[in-house]
Amino acid sequence: MILARYLLLAAAAFSVAAADAPVGVSPAPAGREQGRPLPLTIGGRVDRQPDGYHRQWPGTYFDTAFDGESVQFAVGPGDVALNVTIDGQQVAHLVKPRPGRYAVTGLTPARHTMRVQVASESQAGPTVFGGIYATGTTRPLPAPAPVRQIEFIGDSHTVGYGNTSPTRDCTEAEVWQTTDTSRGVAVQLSQRYRAAYQVNAISGRGIVRNYDNAPGDTVPTAYPFTLFDKARAYTDPAWHPRLIVIALGTNDFSTPLKPGEPWKTRADLHADYETRYVDFVRRLRARDPQAHVLLWATDLADGEIASEVGKVKARLDAAGVRNVGFVPVKGLAFSGCHFHPSAADDRRIADQLATYVDSHPELWSKR
């Protein structure tokens, strides 16, 4: 039922009627692809190639501003779900759109901001965004450029895995369809502080162990790279977040150890996790020594996850690593796919994290 509903949306013209005029997003007529590229502010890690921006970490977004009544944007290869917003209002949700140009029409002839944001997860491979283009008499304006920056590192709880699902029972396809990073913790918290953000998270991955010991790089192993193929190290001289929010441990501890795993006992797993997590945080702080690091965890696995993250915080404190906080998150319904946080839970998580951030206003100060 969920999948059928989203496939119907994917086949439609993706238009929303405003109070005074309809704003529509639809494939550009053949031969009508046009326009000069508009300046972009890009949130997230991208690899710029001749055919566009290749990206794979979740939550990537492309912001622009313009004066006019129409623009186009280009979608390249790769299965993706995109949210298109104009002046802060979502006007389209495109599910697996075909590669090509898409036209945004019906705008008033005025100044507008626009965001195209990836809502889906892309573990299977990168997707390509081809940019946003002025059409007709539309003229470019300086792209939005928030001063504050927040980086989020985590697993499915940070991705927003199945967070819009009305049920916990989901097929693999329904998980993909109902995952919306733009309604997840990262975006909800960043909006409060008008901050640019990155979401560097992979569902099912941990610090030293993935869910049920599944194969694949752990998050610290994949983290240094632009894409999951690890072909190119990620660098951005302009990216220096003052707040780094990390939630890792659910996949390390939510399943029992199996014979043949490198940890003979749970205590061995705990020790390895704590050591590797501390090392990961210290490497992040070496890159951004002024950043405030905020760890958070749920009370799943009978409190084991929160207990272990608390030990990581204590070890960092003992080592003299300053400006590290820990928030154990409680009161979640876990009504999303496969007992994951829902979008409402994501709001509760953001609320609890914001309480901590608001109690440390100095983290935004320049030093």
Side-chain angles (χ1 to χ4, degrees), residues 2 5-6 9-10 14 16 23 25 40-46 53 55-64 73 75 78-97 102 104 112-123 126-127 129 132 143-144 146 148-166 170 174-203 241 245 247 335-337 340-351 353-354:
I2 297 172
R5 173 166 56 86
Y6 275 89
L9 283 172
F14 308 108
V16 174
V23 177
V25 178
L40 298 176
T41 295
I42 301 173
R45 301 178 176 188
V46 299
Y53 302 94
R55 44 72 50 197
Q56 195 164 12
W57 294 93
T60 317
Y61 60 92
F62 303 87
D63 284 349
T64 194
F73 61 92
V75 177
D79 288 345
V80 69
L82 299 173
N83 290 333
V84 182
T85 61
I86 301 291
D87 302 330
Q89 298 296 315
Q90 184 169 314
V91 298
H93 179 65
L94 280 61
V95 179
K96 297 184 179 181
Y102 288 78
V104 180
H112 299 284
T113 59
M114 177 177 174
R115 170 171 291 185
V116 179
Q117 177 158 35
V118 176
S120 51
E121 191 168 12
S122 305
Q123 285 196 39
T127 69
F129 182 73
I132 305 175
R148 292 175 172 176
Q149 297 177 340
I150 306 176
E151 181 167 343
F152 296 84
I153 303 172
D155 52 31
S156 54
H157 289 184
T158 300
V159 171
Y161 176 106
N163 60 345
T164 67
S165 173
C170 305
E174 289 169 344
V175 170
W176 192 90
Q177 298 283 357
T178 59
T179 294
D180 191 342
T181 306
S182 73
R183 296 181 62 183
V185 174
V187 178
Q188 295 200 40
L189 187 66
S190 298
Q191 286 176 339
R192 296 175 186 233
Y193 304 104
R194 298 181 179 179
Y197 56 88
Q198 287 189 6
V199 184
N200 298 319
I202 312 175
S203 292
V245 180
S335 57
C337 283
H340 277 73
S342 64
D345 281 338
D346 289 334
R347 173 63 64 184
R348 296 184 188 99
I349 298 168
D351 287 343
L353 298 180

For a 4.5 angstrom cut-off between non-hydrogen side-chain atoms, does Phe73 reach Val84?
yes
Any idea which heavy atoms bring Tyr197 and Gly59 closest together, and the distance?
CE1-O, 4.1 Å
Using the rule side chain to side chain contact (heavy atoms under 4.5 Å, CB included), only one of Thr127, Leu82, Val116 pairs with Val75; which is it?
Leu82
Closest heavy-atom pair, His93 versus Ala81, reported as atoms and distance to 0.1 Å, is CE1-CB, 4.0 Å
Please identify each residue that fulfils salt bridge (charged side-chain N to carboxylate O under 4.0 Å, His left out) with Arg192, with sequence neighbours left out.
Asp351
CG (Asp155) and CD1 (Ile202) are apart, to the nearest 0.5 Å, by 10.0 Å
Taking all atoms of both residues into account, what is the closest heavy-atom pair of Leu189 and Ala350, and its distance?
CD1-O, 3.6 Å
Heavy-atom nearest pair, Pro146 first then Ala195, reads CB-C, 4.2 Å
For Ala143 and Asp63, the nearest pair of non-hydrogen atoms, with its separation, is CB-O, 4.0 Å
Any chance you could measure Trp57, atom CH2, to Arg45, atom CZ, to the nearest 0.5 Å?
5.5 Å
Could you tell me whether a side-chain N or O of Gln188 sits under 3.5 Å from a main-chain N or O of Arg183, the two making a donor and an acceptor?
yes
Rounded to the nearest 0.5 Å, what's the gap from CE on Met114 to OG1 on Thr85? Could you check?
8.0 Å
Check the pair Thr60, Tyr53 against side chain to side chain contact (heavy atoms under 4.5 Å, CB included), reporting the backbone distance first and the verdict last.
CA-CA 10 Å; Thr60 317; Tyr53 302 94; over 6 Å; no
How long is the gap from OH on Tyr193 to CD1 on Ile150, to the nearest 0.5 Å?
7.5 Å
Heavy-atom side-chain proximity of Val23 to Gln89 below 4.5 angstrom
no
Where the side chain of Ser120 meets the backbone of Val80, is there a donor-acceptor pair that is under 3.5 Å apart?
no
With a 3.5 Å distance limit and no angle check, can you tell me whether Gln198 reaches the backbone of Glu151 through a side-chain donor-acceptor pair?
no
Donor-acceptor contact present, side-chain Thr41 to main-chain Pro144, <3.5 Å
yes
Side-chain donor/acceptor of Trp176 to backbone N/O of Glu121, under 3.5 Å
yes
Backbone N or O of Gly184 within a donor-acceptor pair of the Thr181 side chain at under 3.5 Å?
no
Test log, rule side chain to side chain contact (heavy atoms under 4.5 Å, CB included), inputs Ser203 and Gln123:
CA-CA 8 Å; Ser203 292; Gln123 285 196 39; 3.6 Å; yes
With rounding to the nearest 0.5 Å, note down the distance linking CZ in Arg55 to OH in Tyr61.
13.5 Å
I'd like to know if the side chain of Asn163 and the backbone of Asp180 have a donor-acceptor N/O pair within less than 3.5 Å.
yes
Shortest non-hydrogen contact from Asp346 to His157?
OD1-O, 4.2 Å
Whether the Asn83 and Ser182 side chains hold a donor-acceptor pair (N or O, under 3.5 Å, no angle test) is what I'd like checked.
yes
